[in-house]
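Structure record follows, encoded as structure tokens.
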Amino acid sequence: MRTLVFDGRTGAAGDMICAALIAAGADPDALAPVTDRLPVRYEIGETTKNGIRATTVDVLLDGDDDDHDHTHGDGHSHGHSHNHGDGDGHDHAHEHGHSHEHDHSHDHSHDHSHDHTHDHTHDHAESEHAEGAGVHRTYPEVVALVESMDLLESVESLALDAFERLGRAEASVHGTELDETHFHEVGADDAIADVVGAALLLDDLDPERVVTTPVATGGGEVEMSHGVYPVPAPATTEVAAGADFSVVGGPIDRELLTPTGAAILAAVAEGADAIPDLDVDATGYGAGDATFENHPNVLRVLVGEGRDLEVGGRDHGDAPHHTDDHQTDDHHTHGLVHDDIAVLETNLDDADPEVLGGLQETLSRAGARDVTIVPTTMKKSRPGHLVKVICKPEDAEAIAERLARETGTLGVRHSGASHRWIAERDFETVTLSIDGGDHEVTVKVASTADGDVYDVSAEYDDAAEVAETTGLPIRDVLRQAEREVRDRLDEE
């Protein structure tokens with residue numbers, strides 16, 4: 001399984017992601033759809049961070065001349081800066097305050113200073129960004145621009161997923177509606193070039209699976225247009241809350257994870273607790289501008305054949321129940337089984353309890369493989385629910401419509417997940433003799449693709465029916481049924 005791994009221990013920012021992908025072998029020519037549509041160009045270079053040679057990417061607006069670019073202490077020149085004045089050198093994607101003011105999302109190489117905030121010395125505050133980047137757009141305008149680039153469907157979907165995550169983060173932080181959100185930093189040409197560029201470069205590398213280890217956020221505080229906030233900044237926190245990967249504070253008191261970096265990773269990657277077993281054939285390092293005393297300011301990417309197919313991140317979806325038709329496109333290995341899926345999400349702030357209670361059954365009848373309903377806090381601190389649905393890609397449109405009709409939601413998101421890893425499942429029926437009577441219980445046997453059984457689990461409903469008939473505790477029936485199957489497997 002061709003696997004790409006982001007090593008998130010020093011954080012991530014948009015331009016650092018682009019640089020790392022190029023360093024790992026992506027063809028910079030893949031970026032042409034961006035430069036064909038926007039008045040920008042990518043400047044690709046090299047630098048050294050704490051002894052590590054790394055690639056740099058800057059997005060320059062047409063008309064910028066390299067002599068005008070800011071040259072940072074490491075000796076390589078970067079495009080223009082969008083800093084925001086906190087002096088830590090991080091990307092301060094923020095300063096992008098509210099949706100009608102600054103969106104936290106342009107990230108610039110977080111202090112990494114890249115992402116074009118480069119040098120995040122934040123000294124330039126947003127005015128300089130405004131002069132250089134020119135255009136600031138609303139969320140619908142960003143979507144329209146991306147859709148006009150004539151991208152492959154998979155590339156467009158990833159880019160729009162990242163922008164939607166950023167837009168929803170801003171809307172949540174500032175209590176506005178998504179379509180009212182104004183992107184200041186992330187709506188600028190160079191920021192769009194980072195997000196779409198990352199999607200294009202990832203498509204060029206064409207991994208079958210993308211994962212990220214826990215991503216470092218940094219620490220300390222960041223100064224934004226509306227005051228001083230702790231790291232991670234509000235928009236980054238909101239994006240991370242909807243991502244599959246986990247975050248970890250430190251290792252230094254700087255902002256290491258920017259909203260744009262978080263959104264790109266959230267759109268493309270599964271979370272993993274650590275770098276999985278990998279036969280590495282390529283590595284790449286994407287640099288940020290700032291230099292830290294003991295921590296190289298680089299994002300590392302590893303590419304190779306993955307051998308360990310289990311990931312340890314959050315919310316990878318439970319295996320479907322026994323009615324699953326198990327169409328897994330034959331991607332078998334020695335581990336679990338590759339299963340193509342779509343993940344649909346919507347936020348509800350006014351759903352009746354009766355409606356929520358019936359969603360599992362209603363959406364399952366429509367083809368959903370798994371339905372999860374999570375209590376959450378919506379804008380203006382109102383209680384609400386996040387509904388997540390796992391389904392086959394071909395069923396996604398019909399299920400999204402059913403979800404909208406059942407709940408009245410005005411929008412259903414298609415998240416970046418494209419597959420999951422599931423067990424091979426067999427179902428055996430055992431006959432239990434209890435007090436002279438015979439009772440049947442179905443038992444699910446989970447195994448890897450090569451037949452290594454790792455779980456035996458009796459069906460609860462069957463056990464409950466037997467328990468009611470015999471007067472035994474349900475747990476005793478479960479254990480007896482599972483023991484029957486385990487003993488049979490041991491004999492084989």
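None of the values given here were measured: they were computed from a predicted structure.
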Any chance you could measure Ile474, atom CD1, to Tyr460, atom OH, to the nearest 0.5 Å? 3.5 Å

Measure across Leu256 and Pro251 and return the closest heavy-atom pair with its distance rounded to 0.1 Å. CD1-CD, 3.5 Å

Less than 4.5 Å apart, any side-chain heavy atom of His414 and any of Asp161? no

If you compare all heavy atoms of Pro214 against all heavy atoms of Asp273, which two are closest, and at what distance to 0.1 Å? CD-O, 3.5 Å

Check Pro259 against Ala235 and note the closest heavy-atom contact, atom names and distance. CG-CB, 4.0 Å

Filter on salt bridge (charged side-chain N to carboxylate O under 4.0 Å, His left out), then keep only pairs touching residues 355-367, sequence neighbours left out; what's left? Glu361-Arg365

Give the minimum heavy-atom separation between Ala243 and Ala266, together with the two atoms involved. CB-CB, 3.6 Å

Quick one: does any side-chain atom of Thr346 pair with a main-chain N or O of Gly411 as donor and acceptor, under 3.5 Å? yes

Pairwise side-chain contact, Asp194 with Val59, heavy-atom cut-off 4.5 Å (strictly under): yes

For a quick test of your reading: what N or O donor-acceptor pairs under 3.5 Å do the side chains of residues 151-158 make, sequence neighbours left out?
none

Is the shortest heavy-atom distance from the side chain of Thr377 to the side chain of Pro383 under 4.5 Å? no

Do any N or O atoms from the side chain of Thr10 and from the backbone of Val298 form a donor-acceptor pair under 3.5 angstrom? yes

Tell me, with the steps shown, if Phe6 and Val268 meet side-chain contact (heavy atoms from CB on, under 4.5 Å). CA-CA 10 Å; Phe6 289 100; Val268 305; 4.2 Å; yes

Rounding to 0.5 Å, atoms OG1 (Thr3) and CZ (Arg209) come to a distance of 5.0 Å

Any chance CD of Glu141 has more than 12 other-residue heavy atoms, nucleotides or ligands included, within less than 6.0 Å? yes

4.5 Å side-chain heavy-atom contact, Val215 and Val248: no

Does Ser172 have any side-chain contact (heavy atoms from CB on, under 4.5 Å) partners at least two apart in sequence or in another chain, and if so, which? Glu238

With side-chain contact (heavy atoms from CB on, under 4.5 Å) as the test, would you mind laying out the steps for Leu302 and Leu4 before giving the verdict? CA-CA 6 Å; Leu302 301 91; Leu4 184 146; over 6 Å; no

Where do Arg168 and Arg413 land on the side-chain contact (heavy atoms from CB on, under 4.5 Å) test, with the steps shown first? CA-CA 11 Å; Arg168 291 190 180 280; Arg413 301 184 297 279; 3.0 Å; yes

Work out which heavy atom in Cys391 is nearest to a heavy atom in Ala396; give both atom names and the distance. SG-CA, 3.7 Å

Main chain of Pro230, side chain of Glu221: is a donor-acceptor contact present, judged purely on distance under 3.5 Å? no

Should we count CG of Asp150 as having more than 12 external heavy atoms under 6.0 Å? no

With distance as the sole test, does Gln360 use its side chain to make a donor-acceptor pair with the main-chain N or O of Val371 at under 3.5 Å? yes

What I'd like to find out is whether the side chain of Val387 reaches to under 4.5 Å of the side chain of Asn347, using heavy atoms alone. no

Answer whether the closest heavy-atom distance between the side chains of Pro276 and Val211 falls below 4.5 Å. yes

I would like to know whether Phe163 and Val143 meet side-chain contact (heavy atoms from CB on, under 4.5 Å); could you show each step before the answer? CA-CA 8 Å; Phe163 280 118; Val143 171; 5.6 Å; no

Are any non-hydrogen side-chain atoms of Val412 and Glu397 less than 4.5 angstrom apart? no

Between OG1 of Thr213 and CZ of Arg300, what distance do you get to the nearest 0.5 Å? 8.5 Å

The reported gap from CD in Glu401 to CZ in Arg405 (rounded to nearest 0.5 angstrom) is 4.5 Å

Does Tyr42 use its side chain to pair, donor to acceptor, with the backbone of Ala193 at less than 3.5 Å? yes

Can you measure from CG (Leu201) to SG (Cys18) and round to the nearest 0.5 angstrom? 5.5 Å

Does a sphere of radius 6.0 Å around CD in Glu406 hold more than 12 heavy atoms from other residues, nucleotides or ligands, not counting ones at 6.0 Å or beyond? yes

Donor + acceptor pair across side chains of Ser148, Arg37 (<3.5 Å): yes

Atom of Leu257, atom of Ala262 and distance for their closest heavy-atom approach: CD1-N, 3.7 Å

Has the side chain of Thr407 got a donor or acceptor atom that lies under 3.5 Å from a matching backbone atom of Leu403? yes

Heavy-atom distance under 4.5 Å between the side chains of Arg402 and Leu359, does that happen here? no

How many angstroms lie between CG in Leu344 and NZ in Lys388, if you round to the nearest 0.5 Å? 11.0 Å

